[in-house]
Amino acid sequence: MAEVHVIGQIMGATGFSESSLFCKWGVHTGAAWKLLSGIREGQTQVDTPQVGDMAYWSHPIDLHFATKGLQGWPRLHLQVWSQDSFGRCQLAGYGFCYVPSSPGTHQLACPTWRPLGSWREQLARAFVGGGPQLLHGDTIYSGADRYRLHTAAGGTVHLEIGLLLRHFDRYGVEC
């Protein structure tokens with residue numbers, strides 16, 4: 001079977017109006033993909049930017065996949081959350097990006113968005129916190145339902161991904 005090694009890190013985030021940010025992440029693949037080592041999801045620590053607006057996480061990602069086909073290429077889905085001084089967490093943005101398909105090191109910038117909700121929900125979010133969230137996590141990367149939502153732009157999550165491909169030539173895949 002062909003193998004894909006994804007080694008990198010979630011560097012941090014910029015452009016969010018909230019502070020004290022952390023990121024929940026996961027990887028989604030098709031049925032032909034098998035995770036040989038690594039974990040499919042994780043969470044960074046909370047960081048409050050002191051200088052500038054970059055929240056630094058430097059959270060490692062280390063995944064090793066085997067695959068029978070290219071369908072269902074891995075994609076990373078991200079949820080950025082903010083934490084207030086009382087420890088309450090509120091959604092700051094959703095985002096996803098495909099893992100690059102060419103070997104080497106790649107710098108990725110993943111834009112994020114969040115659902116707006118009704119004007120009452122927006123007002124409550126401003127004064128009380130919370131706000132609307134997605135019921136199904138796969139809406140982040142599936143296009144059908146996502147484009148019907150009213151959303152607001154969030155910030156950008158920065159990733160550094162290194163990709164190694166193995167045995168692709170044996171299965172007729174040219175890189």
Side-chain angles (χ1 to χ4, degrees), residues 4-30 33 35 38-65 72-85 87-117 122 125-126 129-147 149-164:
V4 176
H5 296 263
V6 180
I7 304 165
Q9 61 182 326
I10 302 172
M11 302 290 293
T14 57
F16 286 93
S17 58
E18 300 90 348
S19 61
S20 298
L21 300 172
F22 66 96
C23 180
K24 295 179 181 183
W25 65 274
V27 65
H28 179 76
T29 58
W33 293 75
L35 183 65
I39 55 171
R40 281 194 181 271
E41 57 188 24
Q43 180 176 315
T44 68
Q45 79 278 1
V46 177
D47 184 45
T48 304
Q50 300 297 317
V51 177
D53 72 337
M54 177 88 165
Y56 291 97
W57 297 317
S58 299
H59 184 80
I61 296 174
D62 190 357
L63 303 164
H64 181 193
F65 291 103
W73 191 265
R75 48 193 164 194
L76 293 166
H77 51 92
L78 308 165
Q79 296 180 24
V80 178
W81 293 77
S82 66
Q83 188 176 55
D84 66 9
S85 58
R88 297 176 300 191
C89 297
Q90 110 177 344
L91 178 71
Y94 293 112
F96 87 96
C97 59
Y98 282 95
V99 170
S101 58
S102 61
T105 303
H106 305 274
Q107 303 291 329
L108 304 176
C110 180
T112 63
W113 55 272
R114 63 177 175 79
L116 276 178
Q122 292 177 42
R125 183 182 197 280
Q133 299 174 21
L134 297 176
L135 293 176
H136 305 288
D138 61 347
T139 306
I140 298 170
Y141 50 82
S142 66
D145 293 330
R146 185 174 47 141
Y147 297 111
L149 296 173
H150 291 92
T151 61
T156 303
V157 177
H158 303 278
L159 301 106
E160 183 177 277
I161 302 290
L163 192 74
L164 300 168

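None of these values were measured; they are calculated from a predicted model. Nothing fancy with the numbering, it's 1 onward along the sequence.
Taking the six-membered ring where tryptophan is involved, the planes of Trp33 and Phe65 are perpendicular, since the angle between them exceeds 60° and thus also 30°.
Side-chain atoms of Gln83 and Cys89, non-hydrogen and from C-beta on, do get closer than 4.5 Å to each other. Using a 4.5 Å heavy-atom threshold, the side chains of His59 and Trp25 count as touching.
Residues Phe96 and His77 come closest through the heavy atom pair CB-CA, 4.0 Å. Taking all atoms of both residues into account, the shortest heavy-atom contact from Thr48 to Ser19 is CG2-CB, 4.2 Å. The shortest heavy-atom contact between Trp57 and Ala13 is CH2-CB, 3.5 Å. Considering every non-hydrogen atom in both Ala92 and Leu21, the closest pair reads CB-CD2, 4.4 Å. In terms of heavy atoms, Pro115 sits closest to Tyr94 at CD-CE1, 3.8 Å. Between Cys97 and Leu159, the closest heavy-atom pair is SG-CD1, 4.1 Å.
Side-chain N or O atoms of Thr44 include one that pairs as donor or acceptor with a backbone N or O of Cys23 at under 3.5 Å. The closest donor-acceptor contact from the side chain of Thr112 to the backbone of Gly155 lies under 3.5 Å. Side-chain atoms of Gln45 do not come within 3.5 Å of backbone N or O of Phe22 as any donor-acceptor pair.
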task = Start with the C-alpha gap between Thr14 and His158, add the side-chain angles, then the distance that decides, and say whether side chain to side chain contact (heavy atoms under 4.5 Å, CB included) holds.
result = CA-CA 8 Å; Thr14 57; His158 303 278; 2.8 Å; yes

ask   = Stepwise, does the side chain to side chain contact (heavy atoms under 4.5 Å, CB included) test hold for Glu18 with Val80?
value = CA-CA 10 Å; Glu18 300 90 348; Val80 178; over 6 Å; no

task = Assess whether side chain to side chain contact (heavy atoms under 4.5 Å, CB included) is satisfied between Cys110 and Leu76, documenting all intermediate values.
result = CA-CA 10 Å; Cys110 180; Leu76 293 166; over 6 Å; no

key: Val4/Leu164 under side chain to side chain contact (heavy atoms under 4.5 Å, CB included): CA gap, chis, key distance, verdict   = CA-CA 6 Å; Val4 176; Leu164 300 168; over 6 Å; no

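Atom CD1 of Ile7 and atom CG of Leu63 lie 9.5 Å apart (nearest 0.5 Å). How far NZ of Lys24 is from CG of Leu78: 13.0 Å, rounded to the nearest 0.5 Å. Interatomic distance, Arg114 CZ to Trp81 CH2, rounded to the nearest 0.5 Å: 12.0 Å.
A donor atom on one side chain and an acceptor atom on the other are not found under 3.5 Å apart for Ser82 and Ser20.
By the side chain to side chain contact (heavy atoms under 4.5 Å, CB included) test, Ser58 is found to be paired with Gln9, residues two or more places apart in sequence or in another chain being considered.
Counting non-hydrogen atoms of neighbouring residues, nucleotides and ligands closer than 6.0 angstrom, the CD atom of Gln107 exceeds 12 such neighbours.
For the side-chain contact (heavy atoms from CB on, under 4.5 Å) with Ile161, the lone residue among Ile10, Leu108, Thr105 that qualifies is Leu108.
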